[in-house]
Each structure stands twice: as C-alpha cells, then as structure tokens.
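Ligands are counted one by one from 1 in listed order, and the atoms in each one are counted from 1 as well.
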Amino acid sequence: MQIKIAASILAADPTEFGKELERVEKAGIDLIHIDVMDGHFVPNITMGPFIVEGLKKKSHVPLDIHLMIENPENYIGSFAEKAGKDDVITFHIEATDNPLKVIDIIKQTGLKAGVAISPDTDANSIKSLLNSIDMILVMSVYPGFAGQKFINAVCSKIETLRGAAPVGLDIGVDGGITPETISEAASAGANVFAAATSIFGKRDYSEAIKKLRQVAQDHSNPLIKN
Ligand code: DX5
Ligand code: ZN
C-alpha cells in the first residue's frame, strides 16, 4: 500500500494559501488536508467551502476535507460541489447518530467517504462501517488546533483497526505527527499521515516531507507492505 503524506494547511500562511499549495506540491506532497471547524464540535472556527473552492482550482493532488463540525450531513453538498471525485470528505463518528446515512450522502456526491475518530472514542464504534468507507482517520490529538502533542495511546487503536479493516483500506493518523512520532503510527498500521506544523513550520518543505515519508516507510506495519 502506498504511504501518503497529507499537508494540513491549518499551519500554512493564510495570506498565501495559493503559494503554499504550490510549494508543498513541488515538495512532493500526496494530499492536501483541509481542517473545517465550526466552533461547536470543536472550540475553534476555520475554513468553509469557499476555501475548498479556491484550493481546488489550484491543486493537482487530491483534497482530504476533514469536517470537524456538527450535523455534517447538512454541509456535505456545499463542500462536495467545490471538490471532485478523487477528493475525500471525512466526518467525525462523534458528530452523528447515523453514520451510514452520512456515508451514503457523501457517496452520492461521487466523492470518497472517510470517518474520523477522536482520541477518547473506542475503535469498536466504527468497526461496522469498515466495508462502507474509503478511509479511517484516527485523531492523535483532540480535534481543534494544530501544534499539539501526539497521544501515543491511540496507536493501539490503529493496530486494532488495521487488523479489522479490509485489505487496502487507507488508515490515516492526524495530529502531532513528527519524524519521531510517525514511526509509531506507521508500525501500528497507518499509511496516511496528516501533518501541519512539521511541514509548514519548517523552512524546507521538501526536506520535511521526505523525512516523514522515509521514517514511515522504514517502520511500516507488515500488513501495509505489498
Ligand atoms: C487538528 C487537525 C489537524 C491539525 C494537525 O484538529 O485536525 O489536522 O491541523 O496539526 P499538527 O500536525 O500541527 O498537529
Ligand atoms: Zn485534520
């Protein structure tokens, strides 16, 4: 399986989103991760569909739209119309009582569906969905802010989910990813790594991405090796 590094633009320079996008693409990024926060599901407010629209016009790699919002079903349409079929919309399992309905709404737009799981939520809460989704996103920090410390305890959850997931399912990890922490997440079974600070906080994006990819590859779980 492919190791994918996603650049979370939450830590990019907001006055230069277009240029930042060009820079990370040139530096070899696989995905652009967009953190959408509503001030209800999380105590922070960030980006909406118009930012997705702007980034979509410029990007040459798929978007990974991470919805940290309540009632995600009400907003999927407005995000999806700005995005395209290779892009993923990921909602939080904690934000809905009917995840299958939300997955269905996403799939009807033609986009890929991802389910995110916060640090305190049990892996069992998404086990019944594993055959219906395109990606799992395991949060390794409490959703809301960039720059937090990686919570090691989520690695056992990644391991459980990798063991239970259909072969080839993307398992992402999001929050506190650095060249040090990525090794644990990779050996637990993640193959998609979202990072904000450890890419945009560095001077040389190419060096930063290369390093993350290298460590992830060196430590990747046998189940994700081809
Ligand atoms: C947190 C976001 C993350 C965040 C990661 O709520 O979902 O994607 O941007 O930031 P770092 O890599 O700085 O922990
Ligand atoms: Zn995120």
### Message
Polar contacts were defined as any N/O atom of the residue lying under 3.5 Å from an N/O atom of the ligand; does this apply to Met37 and ligand 1?
### Response
no
Review point. Below 3.5 angstrom, do we get any N/O pair linking Tyr142 and ligand 1?
Key: no
Show which atoms of ligand 1 fall inside a sub-4.0 Å distance from at least one heavy-atom site of [X].
X	result
Met68	6 (O), 7 (O)
Met139	7 (O)
Ala195	12 (O)
His66	7 (O)
Leu10	9 (O)
Gly175	14 (O)
His33	8 (O)

Distance from [atom] to nearest protein heavy atom, with residue and atom:
atom	answer
atom 6 (O) of ligand 1	Gly144 N, 2.8 Å
atom 4 (C) of ligand 1	Asp35 OD2, 3.7 Å
atom 14 (O) of ligand 1	Gly176 N, 2.7 Å
atom 13 (O) of ligand 1	Thr197 OG1, 2.4 Å
atom 1 (C) of ligand 1	Phe145 O, 3.6 Å
atom 8 (O) of ligand 1	Asp174 OD1, 2.6 Å

Taking the Zn ion (ligand 2) as the apex, ND1 on His66 and NE2 on His33 give an angle, to 10°, of 100°
Angle subtended at the Zn ion (ligand 2) by Asp35 OD1 and Asp174 OD2, to the nearest 10 degrees, is 170°
Compare all side-chain heavy atoms of [X] with those of [Y] and state whether any distance is below 4.5 angstrom.
X	Y	result
Ile224	Ile3	yes
Asp13	Lys19	no
Leu111	Phe79	no
Ile5	Asp30	yes

[X] touching ligand 1 at heavy-atom level, < 4.0 angstrom:
X	value
Phe150	no
Ala11	no
Ser198	no

Where the side chain of [X] meets the backbone of [Y], is there a donor-acceptor pair that is under 3.5 Å apart?
X	Y	value
Asp38	Phe41	yes
Asn191	Gln2	yes
Glu94	Ser118	yes
Asn44	Gly144	yes
Asp170	Met135	no
Thr46	Met37	yes

Legend entry - Stepwise side chain to side chain donor-acceptor pair (under 3.5 Å) test for His40 and Glu70: CA-CA 7 Å; His40 292 279; Glu70 283 176 6; 4.7 Å; no
At under 4.0 Å between heavy atoms, what of Ala196 touches ligand 1? The answer is both
With Leu63 as partner, the option from Ile34, Ile89, Ile9 fulfilling side-chain contact (heavy atoms from CB on, under 4.5 Å) is Ile34
Carboxylate-amine/guanidinium proximity below 4.0 Å for Asp64 and Lys4:
no
